[in-house]
Amino acid sequence: MAKRIDVSDLDIYYGNFKAVEGVNLSIEPRSITALIGPSGCGKSTFLRALNRMHEVIPGARVEGKVVIEGQDLYGSDVDPVDVRRQIGMVFQRPNPFPTMSIYDNVAAGLRLNAKKTSKSDMDDLVERSLKGANLWNEVKDRLNRPGSGLSGGQQQRLCIARAIAVQPEVLLMDEPCSALDPISTLAVEDLMMELKEQFTIVIVTHNMQQAARVSETTGFFNLNGVGQPGRLIEYNPTEKIFSNPDEKATEDYISGRFG
Amino acid sequence: MSTSTQQPSAGPDTSAPSQGALGGHEKQAPWVPWAVFGAAAVLALAIGLLTSWNIVLFVIYTVVLGTLGTYLLSRVTEGPRKAVDRLVTCLVVSAFGIAMVPLVSLVYEVIRRGAERFDAEFFSASLQGVIGPGGGAYHALMGTLIITLLTTLISVPIGLMTAIYLVEYGTGRLKRSITFFIDVMTGIPSIVAGLFAYALFVLIFGPGVRLGIMGAVALSVLMIPVVVRSAEEVLKLVPNELREAAYALGVPKWRTILKVVIPTAIAGLATGVTLAIARVIGETAPLLITVGITNALNFNAFDGRMATLPVYAYYQLTQPGVPPQDAIDRAWTAALVLIMLVMGLNVVARLISRLFAPKTSR
């Protein structure tokens, strides 16, 4: 299921503003890749470019190549909707659909796409996804209650269950723990460690301990100044980034001497 | 009268937190403002009896004297800050009372005079062959319901789709110009909408044409901008995160709108539509031109004149016949029924927004 992502010479624009410039990297399958860097340096923009979500914003566009297992995401015959089916996303703030029950939220990916699924298959899928997101035991008795009634951490795991229910190849996570308390964060991190057996995971985080704990590879984004495009400064195994980075800027950032 | 005795009701509430740590004055007992207004009423009664008795003057004297008395007494016993508080309280409550006068008086008058003919015959008989007493507004009630239903059928799809376009798809100049013209349409006088529909149908059917559907078209011109406006506001309230969540699951945009955005906003949309119906159900001028009036039942909106409640009330009042009282009574009852319809729609709107509110929906 998991697939490899190769990015070459990627520039991302909002209208005429160049937000990210010249990104080259390869993301290994069945691993967790963390993206760190100061606010506004384009990590989230880059992440959203990986499943063409940034196109939702008017005027946003991309130059360069993103290739997943030989398939160019930005090829002229590629439907962004198909891309997003293969590459799921979890957002910063938990966003379960307020009109739907817990069950329906997990089933949403298939239901909204009008895939014909029998009731028992759907039950299986919901159970599997919720178990996959470590949420099953907490909600199995109240699957028909609204998803918005759960706690923040549970809602985020519900969103993860919803994302993995459509069986994507890659899971993108945009600061998935920044709205959660430490215990829920731990639950989500444990979950990520399990999920990487099946999925390629890319996570944007502001929490460097988190990047160090969960990821195999880390990318450091930075920008030279306000109004300048963000760049990928360093992309190396996490161990190296946090012990002996190649770049001075990376060392300054992770040791808190940033400025 | 009632407004004056309501006057000091807010006084006691505001006096509760009056005694702060720094307050060097006595706290006024809750009954004091009431007593002041009671004294003012006695004084106003005395003035009224000495000059010429007039209920309106009595109320005005009571309010003015009571306000002054409350202010002065409070200034002496509680200090200037508290006194200003009481003065403003009196003014605000007076303003509220003045605003309520027309509403209360209108409802009272319509109920009192409309109750005369609020009977089974009014809801079961038309005016066909009726001279003098008896007769009803069954035909007008049905006409109003049919024409309003047709208006809703025309306006809601157009209005909703326009709102969806504006919120989900529209960009640049087209969106701005649509928004501008919707604003202009909101301000169109209803008679102009009537003339538009009349002119349109005259082009097709020739002069003198009167059809129920013409009224529905005229009312749609008035209703569409209201629907667009309210639906646009409600759709804007749907958080963008939900749309993104759906996109990230690989759901196409149109399905996202259909299955996520609209269900999330359904309570607000239904409320907006209901209130828009309430807005047009009482329109008179456009129906006067386009639909006309008839004394007989006509269920077919595509054939000939129809009666509607507002136009019915208008004709019963302006051309009552001899003796006039029977027709005038029918006019008041028609007005009462119309008010009840509008109130009913408002209640329905509130129920809808409560029933469909997302969190409790399932």
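In what follows, chains carry the letters A, B, and so on, assigned in the order in which the sequence lines appear, proteins first and then strands, with residues in each chain numbered from 1. Scope of the values below: all heavy atoms of this structure, side chains included, with no hydrogens, waters or symmetry mates.
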Check each atom of [X] against the heavy atoms of chain B and say whether the ones under 4.5 Å are side chain, backbone, both or neither.
X: A/F91; result: side chain
X: A/P96; result: backbone
X: A/R48; result: side chain
X: A/I87; result: backbone

Answer yes or no: are there more than 12 heavy-atom neighbours, outside [X] itself, under 6.0 Å from its atom [atom1]?
X: A/R93; atom1: CZ; result: no
X: A/R61; atom1: CZ; result: yes
X: A/F17; atom1: CZ; result: yes
X: B/F196; atom1: CZ; result: no
X: A/K18; atom1: NZ; result: yes

Heavy-atom closest pair, residues B/T264 and A/T99 =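 Heavy atoms of B/T264 and A/T99 come nearest at CA-CG2, 3.5 Å.
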Of all of A/R52, A/R162, A/Q92, which one pairs up most often with chain B through heavy atoms under 4.5 Å apart?
-> A/R162
Measuring from atom [atom1] of [X] to atom [atom2] of [Y], what distance do you get when rounded to the nearest 0.5 angstrom?
X: A/M89; Y: B/E244; atom1: CE; atom2: CD; answer: 7.5 Å
X: A/R84; Y: B/Y247; atom1: CZ; atom2: OH; answer: 8.0 Å
X: B/L249; Y: A/R85; atom1: CG; atom2: CZ; answer: 10.0 Å

Side chains of [X] and [Y] in contact at under 4.5 Å (non-hydrogen atoms):
X: B/L242; Y: A/P98; result: yes
X: B/P252; Y: A/N113; result: yes
X: A/L112; Y: B/R255; result: no

Considering residues at least two apart in sequence or located in another chain, which fulfil the ring pair (Phe, Tyr, Trp, His ring centres under 6.0 Å) criterion with B/F123?
->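 Testing B/F123 for ring pair (Phe, Tyr, Trp, His ring centres under 6.0 Å), a comparison that skips the adjacent residues, returns B/F118.
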